There are 2 protein chains.
Amino acid sequence: MAPLKYSKQREAILDFLKTRKDHPTADMVYNSLRPDFPNLSLGTVYRNLALLADLGEILRLRVGDGTDHFDADVSPHYHFICSECGSVIDLEMGNIDEIEDIAGMNFDGQICGHVTYFYGKCGACCKSSMS
Amino acid sequence: MAPLKYSKQREAILDFLKTRKDHPTADMVYNSLRPDFPNLSLGTVYRNLALLADLGEILRLRVGDGTDHFDADVSPHYHFICSECGSVIDLEMGNIDEIEDIAGMNFDGQICGHVTYFYGKCGACCKSSMS
DNA sequence: AATAATATCAGTAATCATTACTGTTTTGAT
DNA sequence: ATCAAAACAGTAATGATTACTGATATTATT
């Protein structure tokens, strides 16, 4: 209904996200692209991140630190958030979709998805806190 | 270091939360208490909810709808969020703590917690959408 | 019961992430 | 080359939350 037109800003935002494994926020994307796009608008970054997330080309991560993070890896996987440094890290783990079956056992609605974030102290923070 | 003093506003906020199973937001708490506390301040509600959450007397739920919900039931349990009506519903389900072990298998940090929210269509919305 | 110290309050202003608006520029089809 | 509309930059507005300020309430001490 609303044909999508090309924009080099959107392409740059998606390309940038694909080069990163650290799940940047909108503001990080904005600041990283500013050298190449001196008059890029923060609103453009937000609009395109929302659009790409709606299209399913990226993931929007609400990790609970007050600002959304984004991930160009849309394959099913989970995330860990370090309670100390705040970094968001991919987890390599087997699937746990059976938790939806467990959750649905005594529930009269339809469960069709879940989000899970793991918390704790990341490897780097573990090392640096050893005396 | 900072001795806690009694306040009837804080007591009322906690008491109110204990009467509810629908996980109200700060604004809902505020509006529900206004008849009894005509000059209650929204800031007071926010401050006390944050304080109670820090003390572990209530849970802060970041369900992803942009505004935090609160729960006076601090026993371990999970939540379902209806994608249609937005209601937050307690789930009665067995424990799934083994997902932390699964997540930790190929991870070099320490995992000490997780949050999981289940999404879908609640029982009421399922019924009302049947023609 | 009066006093003093300070936690808490009400009311308001400020902050921060995000979204909406407006007039201009780009895109893509004719 | 022309035109409709998608997208833009820049800015204003929104909404949830937090911080500030001077007044009030609570608690311990006299």
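Quantities reported herein were computed from a predicted structural model and do not represent experimental measurements. Proteins come first, then strands; the chains are lettered A, B, ... in the order of their sequence lines, and each starts at number 1.
- Taking only side-chain nitrogens and oxygens, A:Tyr46 never comes nearer than 4.0 Å to OP1 or OP2 of C:dT19.
- For the atom pair B:Ser83 OG and A:Gln110 CD, the distance stands at 10.5 Å (nearest 0.5 Å).
- Following rounding to the nearest Å, A:Asp65 (CG) and C:dT18 (C1') show an atom-to-atom distance of 14 Å.
- Among the protein residues, B:Asn48 comes within range of the sugar-phosphate backbone only, with heavy atoms under 4.0 Å from sugar or phosphate atoms but none that close to a base.
- The shortest distance between the side-chain N/O atoms of B:Thr67 and the OP1/OP2 oxygens of D:dT17 is below 4.0 Å.
- Between B:Leu49 atom CG and D:dT17 atom C1' the separation is 12 Å, expressed in whole Å.
- Regarding contacts with the backbone of D:dT18, every side-chain N or O of B:Arg47 stays at 4.0 angstrom or more from both OP1 and OP2.
- Side chains of A:His114 and A:Asp97: no donor on one and acceptor on the other come within 3.5 Å.
- Between A:Tyr78 and A:Phe118, the two ring planes are perpendicular [angle over 60°; tilted spans 30° to 60°].
- Between the CG atom of B:Leu51 and the C1' atom of C:dA7 there is a distance of 11 Å, given to the nearest Å.
- One atom, CG of A:Asp27, and another, P of C:dT18, lie 9 Å apart when rounded to the nearest Å.
- Rounded to whole Å, atom C1' of D:dA25 lies 13 Å from atom CZ of B:Phe37.
- No side-chain donor-acceptor contact under 3.5 Å links A:Arg62 to the backbone of B:Val63.
- Closest to the A:Asp68 side chain, of the nucleotides C:dT18, C:dC9, D:dA9, is C:dT18.
- Between B:Leu40 atom CG and D:dA25 atom P there is a gap of 14 Å when expressed in whole angstrom units.
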N/O to N/O distances under 3.5 Å, protein versus nucleotides 11-13 of chain D:
none

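- To the nearest 0.5 Å, the span separating CZ on B:Arg20 from NE2 on B:His69 amounts to 12.0 Å.
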Find every protein N or O atom lying less than 3.5 Å from an N or O atom of nucleotides 26-30 of chain C, and list the pairs.
from	atom 1	to	atom 2	distance (Å)
C:dT27	O2	A:Lys5	NZ	2.8
C:dG28	OP1	A:Tyr6	N	3.2

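- In this structure, B:Glu11 places its CD atom 16 Å from C1' of C:dA7, rounding to the nearest Å.
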Atom pairs under 3.5 Å: protein N/O with N/O of nucleotides 23-25 of chain C:
none

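- Ring geometry for A:Tyr117 against A:His79 counts as tilted: the plane angle lies between 30° and 60°, on a 0 to 90° scale.
- From B:Thr116, atom OG1 reaches atom CD1 of B:Ile96 across 4.5 Å, with rounding to the nearest 0.5 Å.
- Taking the side chain of B:Ala26 as heavy atoms from C-beta on, and the options C:dA10, D:dT17, D:dA6, the nearest nucleotide is D:dT17.
- Here D:dA7 presents its P atom at 11 Å from CG of A:Leu52, a figure rounded to the nearest Å.
- Contact annotation: B:Gln9 side-chain N/O to D:dA25 OP1/OP2 distance is not under 4.0 Å.
- Annotation: side chain of A:Leu49 is in contact with side chain of A:Val45 (closest heavy-atom distance under 4.5 Å).
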